Colleague: 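What follows is a structure written as structure tokens; I'll ask about it next.
Keep in mind that this is a model prediction, so the values were computed, not measured.
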Amino acid sequence: MALQMQNPAVRFKQDYTWNDPEKYIINGDQCRSRIGFLIGGGGGGGSSTRRSLKMKADAKKTNVETVNGKRVNGVVRVDDRENVDGIKFIENGNNDVDLSKNIGENNNNVMNNGYLLGRFAEDRFVFRQSFVIRSYEIGPDKTATMETLMNLLQETALNHVANSGVAGDGFGATRQMSIRKLIWVVTRIQVQIEKYSSWGDVVEIDTWVDAAGKNGMRRDWIIRDYNTRKIITRATSTWVTMNRETRRLSKIPDEVKNELLPFYLNRAAIATENTDREKIEKLTDDTAERIRTGLAPRWSDMDANQHVNNVKYIGWILESVPINVLEDYNMTSMTLEYRRECRQSNVLESLTTIKPRTKTNDLECTHLLRMEDDNAEIVRARSVWQVKKK
């Protein structure tokens, strides 16, 4: 079984749908056009701060890239950008936006939630959210870590569901799933990294879903660099449902499929020829070159269901990767197969073996995360590493 991607979803008092043609009213004020973000944050000590933002959109600066041979429009850039708390605000249409807001103690929650939840794009098939790479999200080389990227993907996916109108009372679960005590679990995820962002960079993440066979769901992501508009990361994942009480896998009920169907988009972030479909071999004591033992989950590694969040596994997997590889190479691809859950009482072992890839200077690593007491598998993984450019 796989571990559920879980993080507390943001709950808010009013549903602000970005493509709703009606005017939005916030604390008695009106914003007369759609905006990508609402201004967050207030003055120290709860004091009110007046901020005015004038934005003009220029359609000529729209960037277009392709995913799976189809056009993917980036957000229209803004000429007269103004930074508020380090965030560059953007507009997704051709209208001028003149927003004046009193941001203080009474409406901080509304404004912050609007920023956190992102917005829909492409006729609501795509959910789009932007993030700033924080100082605590980078590694020794001052770039975002793989764990950071996975956390951002997870956050965007959860906010997609929370803002879709079908969210139930679980993390990422729909209403019909909640009624049936079902949760999502990820079985496989592949991430391809073209470029790692640095501290202070702004990234924009798109996510969407589609059917995966008769009894699964596929969720894809792309990450853009906000300044260059280039796609720097692509990811795809497969999900199934599990009963949260019995911990048994379950078929997706027709009622749940009907909730999801309006959101399905037949588009692949990673082209079929680049998708990692090869079997990941199981490592043993004899085939592993390095074994790291005694990895114990901490309380802070637990999710809301008292299980280890799947992103935490990446750090444990890297514990058995040689330090010279971590220092001299960048991970350009990672595929993970989740096989069972892990609890705080479990003690884990991390196994890795390394081989050079033919015709390149790249390295390919095979990984296994397993229970220390009975060797039960938790995660199999494969990673590809490229020499860092000096």
Colleague: Any chance you could lay out the salt bridge (charged side-chain N to carboxylate O under 4.0 Å, His left out) test for Arg292 and Glu349, step after step, and finish with the verdict?
Modeller: CA-CA 6 Å; Arg292 175 77 156 82; Glu349 292 180 333; over 6 Å; no
Colleague: What distance do Ile232 atom CD1 and Ile193 atom CD1 have between them, rounded to the nearest 0.5 Å?
Modeller: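 With rounding to 0.5 Å, CD1 (Ile232) is 10.0 Å from CD1 (Ile193).
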Colleague: Do Tyr226 and Asp201 pair up side chain to side chain, a donor and an acceptor below 3.5 Å, judged on atom types alone?
Modeller: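 Tyr226 vs Asp201: no donor-acceptor pair found between side chains.
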Colleague: Are Gln192 and Asn274 close enough, and set up right, to give a side chain to side chain donor-acceptor pair (under 3.5 Å), and what steps lead you there?
Modeller: CA-CA 9 Å; Gln192 293 180 345; Asn274 296 327; 5.3 Å; no
Colleague: Would Arg175 and Asp169 count as a salt bridge (charged side-chain N to carboxylate O under 4.0 Å, His left out) if you check the C-alpha gap in whole Å, the side-chain angles of each, and the deciding distance to 0.1 Å?
Modeller: CA-CA 7 Å; Arg175 293 191 186 98; Asp169 59 5; over 6 Å; no
Colleague: For residues Asp362 and Tyr329, determine if any side-chain heavy atom of one lies less than 4.5 Å from a side-chain heavy atom of the other.
Modeller: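 They are not in side-chain contact.
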Colleague: Taking side chain as C-beta onward, heavy atoms only, is Met150 less than 4.5 Å from Met146?
Modeller: yes
Colleague: Calculate, to the nearest 0.5 Å, the distance between atoms CD and CD belonging to Gln190 and Glu337 respectively.
Modeller: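 Nearest 0.5 Å value for the CD-CD distance: 11.0 Å.
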Colleague: Hey, does Met242 have a side-chain heavy atom less than 4.5 Å from the side chain of Arg248?
Modeller: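 Side chain of Arg248 against side chain of Met242, heavy atoms only: no contact under 4.5 Å found.
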Colleague: Please check: side-chain N/O of Glu147 versus main-chain N/O of Val311, any donor-acceptor pairing under 3.5 Å?
Modeller: no
Colleague: Near Lys279 NZ, under 6.0 Å, is it more than 12 heavy atoms from other residues, nucleotides or ligands?
Modeller: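 Not buried by this count: 12 neighbours or fewer within 6.0 Å.
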Colleague: Ignoring hydrogens, what is the shortest heavy-atom contact between Gly200 and Val132? Give both atom names and the distance.
Modeller: O-CG1, 4.1 Å
Colleague: May I ask you to check if Arg134 and Tyr136 form a cation-pi contact, with NZ or CZ under 6.0 angstrom from the six-membered ring centre and within 45° of the axis?
Modeller: no
Colleague: Taking Arg277's backbone N and O only, do any of them form a donor-acceptor pair with Thr275's side chain (distance below 3.5 Å, no angle check)?
Modeller: no
Colleague: Test side chain to side chain donor-acceptor pair (under 3.5 Å) on Asn330 and Tyr196 and set out the steps.
Modeller: CA-CA 9 Å; Asn330 278 324; Tyr196 284 91; 5.9 Å; no
Colleague: If you round to the nearest 0.5 Å, how far is CG of Asp210 from CZ of Arg218?
Modeller: 5.0 Å
Colleague: Are the side chains of Trp385 and Ser333 in contact, using a 4.5 Å heavy-atom criterion?
Modeller: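 No, too far: nothing below the 4.5 Å cut-off.
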Colleague: Look at the side-chain heavy atoms of Ile, Leu, Val, Met, Phe, Trp and Tyr, link any pair under 4.5 Å apart, and say whether Val379 and Met331 land in one connected group.
Modeller: yes
Colleague: Taking a hydrophobic cluster as the set of Ile, Leu, Val, Met, Phe, Trp and Tyr residues connected by side-chain heavy atoms closer than 4.5 Å, whether directly or through intermediates, do Ile280 and Tyr338 fall within one such cluster?
Modeller: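 No, Ile280 does not connect to Tyr338 through the hydrophobic network.
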Colleague: Are Trp316 and Met302 connected, step by step, through hydrophobic side chains (Ile, Leu, Val, Met, Phe, Trp, Tyr) whose heavy atoms are closer than 4.5 Å?
Modeller: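 Yes, it is one cluster - the side chains of Trp316 and Met302 are joined through contacts under 4.5 Å.
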Colleague: Check whether the side chains of Thr236 and Asp220 place a donor and an acceptor atom closer than 3.5 Å, and report yes or no.
Modeller: yes
Colleague: State whether the number of non-hydrogen atoms from other residues, nucleotides or ligands found under 6.0 Å of Asn361 atom CG is greater than 12.
Modeller: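 Incorrect, the count does not exceed 12.
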Colleague: Find the distance between CG (Asn310) and CG (Asp303) and round it off to the nearest 0.5 Å.
Modeller: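 That separation rounds to 9.0 Å.
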Colleague: Is it true that Glu204 and Arg119 have a side-chain N and a carboxylate O under 4.0 angstrom from each other?
Modeller: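 A salt bridge links Glu204 with Arg119.
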Colleague: Linking I/L/V/M/F/W/Y whenever their side-chain heavy atoms sit closer than 4.5 Å, directly or via other members, would Val384 and Leu318 fall into one cluster?
Modeller: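 Per the 4.5 Å side-chain linkage, Val384 and Leu318 are not co-clustered.
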Colleague: Determine yes or no for a side-chain-to-main-chain donor-acceptor pair under 3.5 angstrom, with Thr335 supplying the side chain and Ala381 the backbone.
Modeller: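 Side chain of Thr335 to backbone of Ala381: no pair is present.
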Colleague: Flag yes if Ile291 and Leu348 sit in one hydrophobic cluster, no otherwise; membership is Ile, Leu, Val, Met, Phe, Trp, Tyr, and two members link when side-chain heavy atoms are under 4.5 Å apart.
Modeller: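 No, Ile291 does not connect to Leu348 through the hydrophobic network.
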Colleague: Using side-chain contact (heavy atoms from CB on, under 4.5 Å), reason through Lys282 and Thr287 one step at a time and then give a plain yes or no.
Modeller: CA-CA 9 Å; Lys282 179 182 177 180; Thr287 58; over 6 Å; no
Colleague: Does one side chain, of Thr145 or Thr148, offer a donor that lies under 3.5 Å from an acceptor on the other?
Modeller: yes
Colleague: Could you go through Ile317 and Met334, starting from their C-alpha distance and side-chain angles, then the distance that decides it, and tell me whether this counts as side-chain contact (heavy atoms from CB on, under 4.5 Å)?
Modeller: CA-CA 11 Å; Ile317 287 172; Met334 191 172 206; 4.0 Å; yes
Colleague: Below 4.5 Å, heavy atoms only, C-beta onward: do Cys342 and Tyr313 meet side chain to side chain?
Modeller: yes
Colleague: Please tell me if the side chains of Ile252 and Met177 come closer than 4.5 Å, counting only heavy atoms from C-beta onward.
Modeller: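 With C-beta onward as the side chain, the pair stays apart.
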Colleague: Would a distance-only check, ignoring hydrogens and angles, find a side-chain to backbone donor-acceptor pair under 3.5 Å from Thr187 to Thr238?
Modeller: yes
Colleague: In Å, rounded to the nearest 0.5 Å, how long is the span from CZ of Arg244 to CH2 of Trp184?
Modeller: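 The CZ atom of Arg244 sits 14.5 Å away from the CH2 atom of Trp184.
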Colleague: Sort out for me which residue in Glu364, His367, Arg290, Glu289 forms a side-chain hydrogen bond (donor to acceptor under 3.5 Å, both in side chains) with Thr353.
Modeller: Glu289
Colleague: Closest heavy-atom contact between Val202 and Ser130?
Modeller: CG1-CB, 4.5 Å
Colleague: Side-chain contact, heavy-atom cut-off 4.5 Å: Arg298 with Asp301?
Modeller: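 Yes. Closest side-chain heavy atoms under 4.5 Å.
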Colleague: Count the heavy atoms of every other residue, nucleotide or ligand shown that sit under 6.0 Å from CD of Glu194, and state whether that count exceeds 12.
Modeller: no
Colleague: Looking at CD1 of Ile231 and CH2 of Trp221, how far apart are the two atoms once the value is rounded to the nearest 0.5 Å?
Modeller: 15.0 Å
Colleague: Using the rule salt bridge (charged side-chain N to carboxylate O under 4.0 Å, His left out), only one of Arg219, Arg128, Arg267 pairs with Asp206; which is it?
Modeller: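 Result for salt bridge (charged side-chain N to carboxylate O under 4.0 Å, His left out) with Asp206: Arg128.
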Colleague: Evaluate the side-chain contact (heavy atoms from CB on, under 4.5 Å) criterion for residues Ser320 and Leu351: first the C-alpha distance (whole Å), next the side-chain angles of each, then the deciding distance (0.1 Å), finally the verdict.
Modeller: CA-CA 6 Å; Ser320 57; Leu351 291 74; 5.5 Å; no
Colleague: Can we say Glu341 and Arg247 salt-bridge, meaning some charged N sits less than 4.0 Å from an Asp/Glu carboxylate O?
Modeller: yes
Colleague: Looking only at heavy atoms, which two atoms of Asn346 and Arg343 are closest? And how far apart?
Modeller: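 Smallest interatomic distance, heavy atoms only, reads OD1-N, 2.7 Å.
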Colleague: Which atom pair, heavy atoms only, marks the closest approach of Leu368 to Leu283?
Modeller: CD2-O, 3.3 Å
Colleague: Considering all heavy atoms of both residues, which atom of Ile138 and which atom of Ala144 are nearest to each other, and what is their separation?
Modeller: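 Closest approach of Ile138 to Ala144: CG2-N, 4.0 Å.
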Colleague: Between Lys388 and Asp141, is a side-chain contact (heavy atoms from CB on, under 4.5 Å) present by the stated rule, with each step listed?
Modeller: CA-CA 10 Å; Lys388 292 181 178 178; Asp141 59 358; 3.4 Å; yes
Colleague: Which is it for Glu259 and Thr174 under the side chain to side chain donor-acceptor pair (under 3.5 Å) test, yes or no, and what are the steps along the way?
Modeller: CA-CA 8 Å; Glu259 288 180 309; Thr174 67; 2.5 Å; yes
Colleague: Which heavy atom of Trp199 sits nearest to which heavy atom of Ile133, and what is that distance?
Modeller: CD1-O, 3.4 Å
Colleague: Taking the side chain as C-beta and beyond, is there a heavy-atom pair between Leu363 and Val325 under 4.5 Å?
Modeller: yes
